[in-house]
Amino acid sequence: MASQGAQVGTRKAYNSKGQTGEASVQFPILCETCLGPNEYLRMIRCEHSKECNVCARPMTVFRWKPGRDSRYKNSIICQTCAKVKNVCQCCLYDLEYGLPVAVRDNYSKPDDFQKHSSDVQRNYFAARNEEAMSEGLAPHLAGDSRDRTNEDLKRLARKTVNYSRNRPQVCSFYTRGECNRGKECPYRHEDQPDNADMAKQKIKDRYFGTHDPVASKMLNQEKIRKEELAKEKEAAARAQAQQFDPSKIAPPPGVAPSSEALSVLYPSMDKNWMGERASANET
């Protein structure tokens with residue numbers, strides 16, 4: 001369903017009034033998690049009702065409820081900005097790997113989308129991108145410029161759908177002991193988690209991959225994992241070196257060593273060369 005939305009968004013579609021761009025958008029670009037498990041989803045479409053949180057241009061906003069026990073969600077960036085970064089319009093996660101932008105760009109070639117300080121620069125860049133996408137020419141897209149063979153991205157990719165991200169927010173009155181709505185309260189009655197960094201993050205920082213606490217946590221965990229893996233390899237190499245006894249494989253005096261003995265003594269040497277060398281010594 002997410003792929004279908006992405007395909008619809010990449011076409012230059014016209015509505016009944018002959019309009020193009022944000023006015024012609026009929027379906028948002030969303031990931032499977034934000035869409036929810038319901039196949040019969042009803043959305044509210046508000047044309048040019050808000051401005052994009054990245055380029056500050058008028059955008060068509062979609063509002064929907066992913067599931068029965070979920071909160072209402074809405075698109076927060078326009079489709080042009082979503083296509084440039086290949087991200088979901090709601091959660092701003094990568095559509096292919098399900099990762100934050102900072103994590104994806106850390107292991108792949110980042111795109112050339114830059115922050116623009118003035119409205120003129122933002123409008124010019126957005127208009128240029130829309131024109132290139134309508135003609136099918138978008139070499140700067142993150143989805144085309146990234147290295148698709150990156151093993152780190154394939155390993156870190158979130159392949160399972162996590163619908164828990166659609167849960168309602170924690171009730172602030174419940175945390176203070178003042179909520180009197182009980183089960184009718186649309187918010188969660190749980191203790192407020194200690195996520196001060198998450199509360200301070202901004203949409204632009206997540207979009208451009210800067211100051212993202214979720215991405216920083218994932219990168220730190222990956223760094224620790226690689227350090228532990230390097231230590232394990234070093235310890236295994238030391239243990240193998242301590243157990244190695246050259247006298248067990250060394251040939252008697254006057255006898256040429258075999259290819260197996262050469263491979264153990266010199267593991268970095270070419271096996272074909274060692275076989276030829278051993279056969280030459282035997283002859």
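Computed from a prediction, not measured in an experiment: that's the story for all the values here.
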Would you mind checking if E227 and K231 are paired as a salt bridge, meaning a charged N to carboxylate O distance below 4.0 Å? no
Can you give me the closest heavy-atom contact between Y72 and R63, atom names plus distance? CB-NH2, 3.3 Å
Validation row: M43, P28 side chains within 4.5 angstrom (heavy atoms): yes
Given side chains that start at C-beta, do those of S70 and P168 come closer than 4.5 Å, heavy atoms only? no
Applying side chain to side chain contact (heavy atoms under 4.5 Å, CB included), run through C81 and K85 and close with a yes or a no. CA-CA 7 Å; C81 295; K85 287 284 189 178; over 6 Å; no
For V161 and T33 the tightest heavy-atom approach is CG1-OG1, 3.5 Å
Value rounded to 0.5 Å, distance of CZ in R188 from CZ in R167: 4.0 Å
What verdict does the side chain to side chain contact (heavy atoms under 4.5 Å, CB included) test give for M218 and L99, after you've listed the backbone C-alpha separation in whole Å, the side-chain angles of each residue and the deciding distance to 0.1 Å? CA-CA 9 Å; M218 294 183 65; L99 298 172; 3.6 Å; yes
Closest heavy-atom contact between C78 and Q89? C-NE2, 3.6 Å
Any sub-3.5 Å donor-acceptor pair from S216's side-chain atoms to D212's backbone N or O? yes
Check this for me: N220, atom CG, are more than 12 non-hydrogen atoms of other residues, nucleotides or ligands nearer than 6.0 Å? yes
Can you tell me how far the CZ atom of R181 sits from the SG atom of C179, to the nearest 0.5 Å? 7.0 Å
Heavy-atom side-chain contact between Y174 and S172 under 4.5 Å: no
Starting from I224, walk the hydrophobic network (Ile, Leu, Val, Met, Phe, Trp, Tyr; side-chain heavy atoms closer than 4.5 Å) and list everyone else you reach, by chain and number. none
Give, for atom CG of L156 and atom CD of E151, the distance between the pair rounded to the nearest 0.5 Å. 11.5 Å
Indicate yes or no: at least one non-hydrogen side-chain atom of Y207 is less than 4.5 angstrom from one of N53. no
Inspect the contact between K226 and E228 and indicate whether a charged nitrogen and a carboxylate oxygen are less than 4.0 angstrom apart. no
Minimum-distance pair of heavy atoms, taken over all atoms of F27 and F62: N-CZ, 3.8 Å
The reported gap from NZ in K183 to SG in C185 (rounded to nearest 0.5 angstrom) is 13.5 Å
Nearest 0.5 Å, please: how far is NZ in K50 from OG1 in T60? 13.0 Å
Residue pairs, two or more places apart or on separate chains, that pass salt bridge (Lys or Arg N to Asp or Glu O under 4.0 Å) and touch residues 214-224: R155-E222, E222-R225
Should we say atom CZ of R68 is surrounded by more than 12 heavy atoms from elsewhere, each under 6.0 Å from it? no
When you compare the side chain of M59 with that of S75, does any pair of heavy atoms fall below 4.5 Å? yes
What verdict does the side chain to side chain contact (heavy atoms under 4.5 Å, CB included) test give for N180 and F173, after you've listed the backbone C-alpha separation in whole Å, the side-chain angles of each residue and the deciding distance to 0.1 Å? CA-CA 9 Å; N180 54 5; F173 290 93; over 6 Å; no
Is the shortest side-chain heavy-atom distance between E51 and P58 below 4.5 Å? no
Applying side chain to side chain contact (heavy atoms under 4.5 Å, CB included), run through L95 and V87 and close with a yes or a no. CA-CA 5 Å; L95 292 174; V87 295; 5.6 Å; no
Please check this pair: side chain of R206 against backbone of Y93, looking for a donor-acceptor N/O pair closer than 3.5 Å. no
OH of Y97 to CZ of R104, rounded to nearest 0.5 Å, is 9.5 Å
Residues C34 and R165: closest non-hydrogen pair is SG-NH2, 4.3 Å
Tell me the closest heavy-atom pair linking V54 and K204, and the distance in Å. O-CE, 3.7 Å
Side chains of L92 and I203: does their closest heavy-atom pair fall under 4.5 Å? yes
Does Y163 have any ring pair (Phe, Tyr, Trp, His ring centres under 6.0 Å) partners at least two apart in sequence or in another chain, and if so, which? none
Do R71 and Q169 make a side-chain contact, defined as non-hydrogen atoms from C-beta onward lying under 4.5 Å apart? yes
